[in-house]
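In this chain, residues are counted from 1 in sequence order. Quick note: numbers below take in every heavy atom, side chains included, and nothing from hydrogens, waters or symmetry partners.
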Amino acid sequence: AGIRCFCRYYTKFGGDMQAVRRDCAKKLEEHNGMMRLSDIGTIRALLARHGFHFSKALGQNFLVNPTVCPRMAEASGAADGVGVLEIGPGIGVLTVELAQRASKVVAVELDSRLLPVLAETLADFPNASVIHGDVMQLDLRQIIETEFAGLREVVVCANLPYYITSPVIMKLLEERL
């Protein structure tokens, strides 16, 4: 059984078109089994379930804008036959978008408190996995060789706090990844 959207029909009888479209989008996401990671209520409930609180020391500020992550995933080059190394997945909003496009996504997350959150948000994506560790300490070449063997290309995608962006870019360049 599919979901049908009756937006046009409903608005002929005085309904609020924007409200109906939001409701249709929500029902479609629920029907597809996806968590609404751009909805602040969903995010608060998710983080509360796992007892998560933001860390100022880690510069945590998660990207949840529903229009930005799909565009980032598209711009990254994620596609069939492509692997994506994501650095700093946060709660997995961008990770989900990448996993919908790429053959495989491996996300590196420093904060161990986010691992159960990511396990929940990525549960429907068998092509996505998480490595707990500090990207500055990990052997990224080894990760790429083992995790993405057989794929035609590997891209790196990240939404990082400013304090770590330059060191991560320098590491990638110095290691010629």
Side-chain angles (χ1 to χ4, degrees), residues 1-11 15-79 82-133 135 155-165:
I3 285 197
R4 294 180 186 213
C5 182
F6 297 100
C7 295
R8 290 187 185 135
Y9 177 79
Y10 181 76
T11 56
D16 176 4
M17 182 64 145
Q18 288 183 327
V20 173
R21 283 187 176 150
R22 280 192 303 270
D23 186 53
C24 285
K26 180 179 178 182
K27 286 180 178 164
L28 186 59
E29 286 177 348
E30 289 170 357
H31 177 72
N32 289 338
M34 294 176 60
M35 190 178 297
R36 296 183 63 228
L37 292 176
S38 61
D39 176 71
I40 193 67
T42 300
I43 294 167
R44 284 184 178 145
L46 171 69
L47 297 179
R49 268 195 307 281
H50 296 282
F52 180 85
H53 299 283
F54 292 93
S55 167
K56 287 185 181 181
L58 293 176
Q60 290 174 328
N61 186 2
F62 301 145
L63 181 61
V64 296
N65 184 310
T67 63
V68 174
C69 288
R71 290 189 310 207
M72 284 179 69
E74 196 64 35
S76 75
V82 175
V84 179
L85 177 64
E86 182 187 12
I87 302 170
I91 62 172
V93 181
L94 178 58
T95 319
V96 166
E97 293 292 335
L98 293 166
Q100 290 174 348
R101 292 165 174 78
S103 291
K104 185 167 186 180
V105 177
V106 175
V108 176
E109 178 53 58
L110 175 64
D111 190 345
S112 62
R113 301 171 308 142
L114 283 170
L115 299 180
V117 175
L118 287 163
E120 183 175 342
T121 60
L122 301 176
D124 293 331
F125 299 94
N127 64 328
S129 61
V130 179
I131 295 174
H132 175 237
V135 72
V155 299
V156 177
C157 194
N159 178 46
L160 299 171
Y162 292 120
Y163 80 92
I164 193 68
T165 303

Discussion item. For the CG atom of Asn159 and the OG1 atom of Thr165, what is their distance to the nearest 0.5 Å?
Written reply: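 Interatomic distance, Asn159 CG to Thr165 OG1, rounded to 0.5 Å: 8.5 Å.
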Nearest heavy-atom pair of [X] and [Y]: which atoms, and what distance?
X      : Y      : answer
Asn127 : Ser103 : CB-O, 3.2 Å
Ala158 : Met72  : O-CE, 3.8 Å
Leu98  : Ser76  : CD2-OG, 3.6 Å
Pro126 : Asp124 : CD-O, 3.4 Å
Asp111 : Glu109 : N-OE2, 2.9 Å

Fill in: Validation row: Arg101, Glu74 side chains within 4.5 angstrom (heavy atoms)
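They are in contact (side-chain heavy atoms under 4.5 Å apart), so the answer is yes.
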Discussion item. Keeping His132 on the side-chain end and Leu110 on the backbone end, is there a donor-acceptor pair under 3.5 Å?
Written reply: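 Yes; judged by distance alone, with no hydrogens or angles, the pair exists.
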Without placing hydrogens or testing angles, list every side-chain donor-acceptor pair under 3.5 Å for residues 86-95, not counting sequence neighbours.
residue	atom	partner	partner atom	Å
Glu86	OE1	Thr95	OG1	2.5
Glu86	OE2	Thr95	OG1	3.4

